[in-house]
Amino acid sequence: MGRGRVTLKRIENKINRQVTFSKRRAGLLKKSHEISVLCDADVALIVFSTKGKLCEYATNSSMERILERYERYSYAEIQHASTNIETQGILALDHVKLKARIELLQKRERHLKGEELDSLTLKEIQSLEQQIDTGLKQIRLRKNQLMLETISELQKKIKEKERVTQHDLEQQTHEMMPSLHLGMLSSRNDPFQAGGDGEIEENQREGQPATIIPAWMVQVFKT
């Protein structure tokens with residue numbers, strides 16, 4: 001059978017209490033030294049007896065250095081905890097403000113839609129009406145601006161199309177001019193026009209029938 005669980009409580013007998021303190025103190029000092037050597041840890045132990053007698057142990061006898069390190073660590077922990085509390089408080093306050101802001105905006109949106117107007121006073125309704133009128137003016141102004149921009153853009157496209165069409169017509173006319181000029185020169189230099197079957201047809205005078213002249217007579221006349 002193993003040892004039963006011992007209930008820890010204050011030893012009432014003074015002598016027994018002193019004996020137990022001496023034994024446990026020696027064991028505590030031994031364990032402190034062992035953990036500092038085996039685990040390379042900084043250990044500081046401070047014990048006051050019932051009579052106020054001091055018993056201490058410090059790694060490498062550097063109690064002051066360990067206590068300073070402890071104070072710095074404790075101060076940093078306190079500052080960190082304080083910062084976290086302040087941050088959490090600020091975040092909670094911001095959350096409440098944002099929630100109230102969202103609810104107010106949603107309520108105004110419903111009012112602008114003409115909903116939940118029964119709770120509004122006459123002054124609030126007049127203010128709402130003014131806001132709607134201002135919004136309508138801005139909407140109309142933006143609408144007119146968009147219409148003018150659209151009309152201007154269409155006019156630009158029409159002018160560009162007309163310019164391209166005019167340019168194409170001028171280009172075609174320019175390409176046709178040499179052919180027309182050559183045709184006019186050919187008609188002006190030849191008093192006779194070529195007929196069928198090797199015959200020459202003289203230009204018909206107004207009011208007279210056309211006369212067909214054989215080719216050999218033309219040669220005689222030219223000689």
Side-chain angles (χ1 to χ4, degrees), residues 1-139 142:
M1 295 293 293
R3 295 178 57 186
R5 184 176 180 182
V6 180
T7 303
L8 296 178
K9 63 179 182 179
R10 182 175 180 272
I11 300 174
E12 298 297 334
N13 188 282
K14 184 176 181 181
I15 297 175
N16 293 338
R17 186 167 62 242
Q18 183 64 33
V19 172
T20 302
F21 175 77
S22 299
K23 291 180 179 180
R24 296 294 180 96
R25 179 185 61 185
L28 184 60
L29 293 173
K30 181 179 179 181
K31 292 294 183 182
S32 299
H33 176 70
E34 289 176 355
I35 192 174
S36 64
V37 174
L38 295 175
C39 302
D40 193 22
D42 286 339
V43 179
L45 174 64
I46 300 176
V47 179
F48 286 97
S49 66
T50 305
K51 297 180 179 180
K53 184 178 179 181
L54 173 62
C55 178
E56 62 177 328
Y57 170 82
T59 305
N60 298 325
S61 300
S62 56
M63 178 65 73
E64 293 182 357
R65 180 179 60 83
I66 295 176
L67 290 177
E68 290 177 358
R69 182 179 177 184
Y70 171 76
E71 290 178 357
R72 290 196 301 269
Y73 181 82
S74 299
Y75 178 78
E77 285 292 316
I78 293 173
Q79 289 294 110
H80 182 68
S82 177
T83 303
N84 288 339
I85 293 174
E86 292 178 358
T87 303
Q88 292 176 0
I90 293 173
L91 291 177
L93 182 60
D94 290 342
H95 175 72
V96 174
K97 289 182 179 180
L98 289 175
K99 185 177 180 180
R101 181 64 176 173
I102 291 173
E103 292 177 354
L104 179 60
L105 292 175
Q106 291 176 347
K107 186 176 180 180
R108 289 182 178 178
E109 182 181 4
R110 292 192 294 270
H111 291 165
L112 291 173
K113 292 180 179 179
E115 301 174 357
E116 301 179 4
L117 301 178
D118 296 338
S119 60
L120 298 180
T121 63
L122 177 60
K123 186 176 181 180
E124 290 174 344
I125 293 177
Q126 291 176 347
S127 176
L128 181 61
E129 182 180 9
Q130 185 178 2
Q131 292 178 8
I132 295 175
D133 290 339
T134 303
L136 288 174
K137 290 179 181 179
Q138 294 177 354
I139 292 173
R142 180 56 181 168

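Values below: every heavy atom of this structure, side chains too, minus hydrogens, waters and symmetry copies.
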Intermediate values then yes/no, side-chain contact (heavy atoms from CB on, under 4.5 Å), Ile132 and Leu136: CA-CA 6 Å; Ile132 295 175; Leu136 288 174; 4.2 Å; yes

From CA spacing to verdict: side-chain contact (heavy atoms from CB on, under 4.5 Å), Cys55, Leu45: CA-CA 8 Å; Cys55 178; Leu45 174 64; over 6 Å; no

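No side-chain heavy atom of Glu56 sits under 4.5 Å from any side-chain heavy atom of Val47. Put simply, the side chain of Ile46 reaches to within 4.5 Å of the side chain of Leu54, judged on heavy atoms. Two residues are said to be in side-chain contact when any heavy atoms from C-beta on lie closer than 4.5 Å; Gln126 and Glu124 fail this criterion.
Distance alone, capped at 3.5 Å, is enough to place a donor-acceptor pair between the Thr59 side chain and the Val43 backbone. In this structure, the side chain of Glu68 does not engage the main chain of Arg65 through any donor-acceptor pair within 3.5 Å. The closest donor-acceptor contact from the side chain of Asn60 to the backbone of Ser62 lies at 3.5 Å or more, if one exists at all.
Sorted by first then second residue, the side chain to side chain donor-acceptor pair (under 3.5 Å) pairs that include residues 19-35, not counting sequence neighbours, are His33-Tyr57.
Within 6.0 Å of CG in Leu38 there are more than 12 heavy atoms belonging to other residues, nucleotides or ligands. For Leu28, the CG atom counts as densely surrounded, since its 6.0 Å shell holds more than 12 non-hydrogen atoms of other residues, nucleotides or ligands.
To the nearest 0.5 angstrom, Thr121 atom OG1 is 10.5 Å from Leu128 atom CG. Here Phe21 contributes atom CZ and Arg17 contributes atom CZ; the two are 11.0 Å apart, rounded to the nearest 0.5 Å. Note that CG of Leu67 and CZ of Arg72 are 11.0 Å apart. Values are rounded to the nearest 0.5 Å.
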Give the table of side-chain donor-acceptor pairs shorter than 3.5 Å for residues 103-118, with sequence neighbours excluded, one pair per line with atom names and distance.
residue, atom, partner, partner atom, Å
Arg110, NE, Glu116, OE1, 3.0
Arg110, NE, Glu116, OE2, 3.1
His111, NE2, Glu116, O, 3.2

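Of all the heavy atoms in Asn16 and Asn13, the pair that sits closest is N-OD1, 3.0 Å.
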